[in-house]
Structure formats: structure tokens, C-alpha cells
Amino acid sequence: MERYYQPEIETASREQIKAWQDERLVKQVRHVWDNVPYYRKKMQDAGLTPGDIQSSDDLRKLPFLSKADLRDAYPYGLVGVPLKDCVRIQSTSGTTGKRVVAFYTQEDIDLWETCCARAIVAAGGTNEDVCQVSYGYGLFTGGPGLNGGSHKVGCLTVPTSSGNTERQIMFIRDLNATILCCTPSYAAYLGESMREMGLTPEQIPLKAGIFGAEAWSEEMRQSIQDTLGIKAYDIYGLTELSGPGVAFECSAQSGMHINEDHFIAEVIDPDTGEVLPDGQQGELVFTAITKKAFPLIRYRTRDICVLSREKCPCGRTHVKMTKPRGRTDDMLIIRGVNVFPSQIETVLLNLGYPANYQILVGRVNNTDTLEVRVEMTPEMFTDNLGEINARQKQLVDGLRSMLGLTAKVTLVAPKSITRSEGKAVRVIDNRKI
Ligand code: DLL
């Protein structure tokens with residue numbers, strides 16, 4: 001039996017959801033016009049006033065916000081309430097330029113944690129569960145968001161944060177943790193470590209995992225589920241919109257329900273900005289309709305996905321997004337070919353390799369080079385050169401048929417690629433372009 005945290009909202013009729021969105025959008029646009037001069041100017045430049053927005057059908061008239069706007073307005077330029085009403089900031093782990101700093105009122109935190117609670121209940125969580133939160137705590141939103149959601153559900157919350165793998169495993173075993181929240185790459189690493197300790201899935205008390213913050217493939221899901229003996233659920237979100245819980249997976253495990261009572265989702269053509277119909281792949285754009293401190297309108301996420309309104313067997317009525325299939329900005333273009341790291345991962349996992357790899361892109365004599373370093377499992381590890389060559393050739397062929405590109409493949413010893421306790425760093429692009 002499917003359980004919901006807020007059944008009346010999560011299974012509301014489409015008419016009801018539209019009515020909430022209409023009313024909340026109109027109010028939010030007025031709030032932003034009155035309180036965020038940066039966005040008011042954008043509206044004025046587009047010849048708009050709040051009166052032009054009468055319902056969610058008018059959303060597409062409004063100008064976009066992008067990461068560049070966040071940088072321009074850093075740190076306070078997009079804040080929609082007096083600072084005395086803000087109680088928290090969170091920030092992204094971005095590596096270039098200024099970090100994104102997002103602001104929250106107490107109500108904003110409450111609605112964010114409610115979204116995370118919905119995700120935990122969708123993964124089967126109740127107040128009988130022990131929920132270990134192994135996402136990083138601090139500026140990163142993963143730890144604080146799921147911690148808050150876990151409290152709301154009434155789980156016994158174990159705030160281990162990331163790192164210290166031995167201690168993670170000790171708590172999972174000693175406290176009989178039933179739900180694990182962390183990045184999929186860390187879940188795979190924890191699984192690998194437990195297997196090495198000789199633990200079988202039956203000896204691991206976990207029953208569900210809530211994994212997100214980075215891309216992971218279906219093959220990786222399968223492998224984590226098998227090693228840990230759990231059902232693994234995807235969760236999506238971004239700091240600019242609160243953090244994890246913007247969308248979450250249900251028992252159907254076929255896309256994530258977007259919390260549409262708080263966020264309106266659109267998919268656009270990233271080149272023209274044109275709104276695409278459901279079912280077409282494009283860049284995901286979100287409008288936050290209830291958050292007050294950081295009320296972003298038509299924020300371009302750079303995440304590429306597809307929306308679907310097909311009826312979901314779980315009974316939830318909120319629109320579903322596919323797993324992000326890459327980002328408009330980390331899509332690699334190698335010798336003119338668009339390459340998503342997730343495609344490379346699919347080839348590796350299909351051929352039985354673990355999801356421990358590095359993609360190195362370079363440029364020699366004005367030609368792009370692509371090298372994929374792939375870790376062998378201990379069972380594959382050998383010093384028989386013939387066998388290694390045959391394995392490398394199989395990977396080169398697999399990558400060529402997936403990408404249409406010839407890559408150099410280097411097999412490396414088990415555990416030789418540095419593990420990440422948070423988001424994995426898989427791509428190293430040395431082309432200074
Ligand atoms: O990663 C929030 C989060 C924490 C989500 C814990 C889920 C779990 P940021 O650091 O701001 O926030 O990074 C946001 O990460 O635009 C996506 O590109 C990527 N991302 C987040 N969740 C997923 C996912 C958090 N489930 C950026 N699948 C987003 C693929 C994801 N990519």
C-alpha cells in the first residue's frame with residue numbers, strides 16, 4: 001500500500017494543482033516586484049507589470065533568471081525579505097566563480113523539510129525507521145534537508161554526515177539503520193566496503209536508500225540495490241530552489257514527482273528559450289511559488305530532462321521528471337560529438353565494471369582526446385596482459401557504439417581512483433577552451 005506524507009496534496013486533482021499554481025504565482029510575482037528590484041528591472045525591461053500575470057498560463061511571458069544573474073546579484077540582490085526575517089543560508093559546492101548563496105525564512109525551511117519528508121515517506125519511511133543521513137552537513141543542502149525531513153516523519157535520525165566509512169558502517173549495523181541518505185557514489189562505496197567485510201545483503205539492516213545530488217544510471221541503481229539489499233530511490237533538487245526534495249521518486253521508480261504545489265516546472269529549448277511540450281527533452285526551468293526569502297522566477301537549471309504527466313501507479317498526481325540526462329553546461333563536446341558522462345557510465349556498468357571511473361579530456365595538435373580510466377573489480381584484477389588488452393578492446397568497442405567516438409581506455413587496479421564522500425568528480429577537462 002502506497003503511503004503519502006500529505007495525501008490530500010500529493011494526490012490532488014490536476015485542476016486543484018493548477019488552481020494552487022495560478023493563485024500562488026500571481027502572489028509571488030507581486031511579492032518579487034515589490035521586494036526584489038533586480039527582478040523588477042528585468043520585468044520592466046520586458047515591458048511587464050504584475051498585472052500582466054493573471055495565472056500560470058502567463059508564466060512564459062516572464063524573463064528567465066540564470067546562474068549569471070545569481071552572480072551579478074551576489075550576495076543579497078535577489079533576497080525578497082528583510083534580512084531580519086532570514087534565519088539561514090545554504091550554499092553550493094560550485095568550483096568556478098562565486099558560490100551561490102540561497103536564503104531562507106523559517107517558513108521556507110519548513111516547506112523545504114516538508115518536501116524532504118514526502119520523499120522519505122515515498123521510500124517507505126515511517127516513525128519506526130532509523131534514518132542515517134550521510135550527505136554532507138553544513139553549507140551543502142543534502143544533510144540539513146534530509147535531516148529536517150527525517151525529523152518530520154518521526155524517524156530516529158542519525159546525522160553522521162559524510163565520510164568516515166568505518167563509522168558509517170558501524171552505525172548502520174549497531175543502530176539497525178533502515179534508511180540511508182547519501183550520494184549514489186557514496187552508497188556504492190559503502191556497499192563495496194561492506195561486501196569486502198564479508199557482509200551479505202541479508203546481514204545489512206537497510207531497506208531503502210534516498211540517493212541524489214548527482215547523476216546515476218539505472219545500471220548503477222541495480223548494482224547498489226543488489227549489494228545493499230535495498231530499494232534505491234532517486235531524489236533531485238538544487239540549492240537555488242531550497243535543496244533536495246524539489247522532486248523525488250515513488251515506488252514506481254520511473255521518474256521523480258516534482259512538488260508542484262511549491263515549484264512550477266517548464267522544459268525549454270536551451271538555445272531559443274521556447275517552452276517545449278511535455279515529452280520533449282530540454283532544459284528544466286523552475287519557478288518557486290511559495291518561498292519568500294529567495295523567490296526565484298523561471299530559474300534555468302541547466303539540467304536536461306523530460307517531463308511526463310502520464311498517470312503514475314503510485315497515485316501521486318504531480319508531474320514527473322526523468323533523471324537529469326546531463327547538463328547543458330557539463331555536456332562534453334568531443335571532436336564535435338555531444339557526450340554525456342552518463343552514457344559512458346552506462347557502457348561500463350553494462351560490461352560489469354563498477355561505477356568508479358574518470359573521464360579525461362585533452363587536446364593534442366588541435367584534436368580532442370578522450371581517455372576513460374576504469375577501475376577493475378578485485379575479481380577481474382590480473383597481470384595477464386592478453387586479458388587486459390581484450391578487456392580494453394571490449395570497452396573501446398562499447399564506447400564507440402554508444403558515442404560514435406574512439407576513446408582510449410585504461411584499466412586500473414581496484415580502489416586506485418580516489419573515492420568521493422560527496423559528489424564524485426568524474427570529468428577532468430584539460431582543454432583550455
Ligand atoms: O545537489 C541538492 C541535493 C542534495 C539533491 C541531496 C539531492 C540530494 P546543488 O549542490 O545545488 O544541490 O546541486 C544541484 O545537482 O542542478 C543537478 O545538476 C544535480 N543533481 C541534483 N540531484 C540530482 C539527481 C544538490 N537526483 C545540481 N540526479 C542539480 C542527477 C542531480 N543530478
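Owing to the predicted nature of the structure, the values given are computational and were not obtained by experimental measurement. In what follows, every heavy atom counts, from backbone to side chain, and hydrogens, waters and symmetry copies are set aside. Atoms within a ligand are numbered from 1 in the order they appear, just like the ligands themselves.
Counting only non-hydrogen atoms, the option in G237, A247, G145 that gets closest to atom 14 (C) of ligand 1 is G237. Summarising the contacts of atom 29 (C) of ligand 1 with T239, L284, D303, the nearest heavy atom is found in D303. With distances taken over non-hydrogen atoms, the option nearest atom 13 (O) of ligand 1 out of E249, R325, K423 is K423.
Taking Y4 as the reference, nothing meets the ring-ring contact (aromatic ring centres under 6.0 Å, His included) condition, with sequence neighbours excluded.
A heavy-atom separation below 4.0 Å is found between F140 and ligand 1. Not a single heavy atom of K323 sits closer than 4.0 Å to an atom of ligand 1.
Every atom of ligand 1 with a heavy atom of T92 under 4.0 Å away is listed here by number and element: 11 (O).
Residues Y135 and Y186 place their aromatic rings such that the two centres sit no closer than 6.0 Å.
Note on ring orientation: taking the six-membered ring where Trp is involved, the planes of F263 and F286 are perpendicular (angle over 60°, cut-offs 30° and 60°).
Taking a cutoff of 4.0 Å between a charged side-chain nitrogen and a carboxylate oxygen, K323 and E249 do not qualify as a salt bridge. Under 4.0 Å is where a charged nitrogen must lie from a carboxylate oxygen, and between R221 and E218 at least one such pair does. Ionic pairing of R316 and E260 is not present here: no N-O contact between side-chain nitrogen and carboxylate oxygen is shorter than 4.0 angstrom.
Residue pairs that meet the ring pair (Phe, Tyr, Trp, His ring centres under 6.0 Å) test with at least one member in residues 105-124, sequence neighbours left out, are Y104-W112.
At least one N or O atom of D234 sits closer than 3.5 Å to an N or O atom of ligand 1. Inclusion of Y135 in the set of residues having an N or O under 3.5 Å from an N or O of ligand 1 is not warranted.
Of all the heavy atoms of P244, the ones lying under 4.0 Å from any atom of ligand 1 are found in both the backbone and the side chain.
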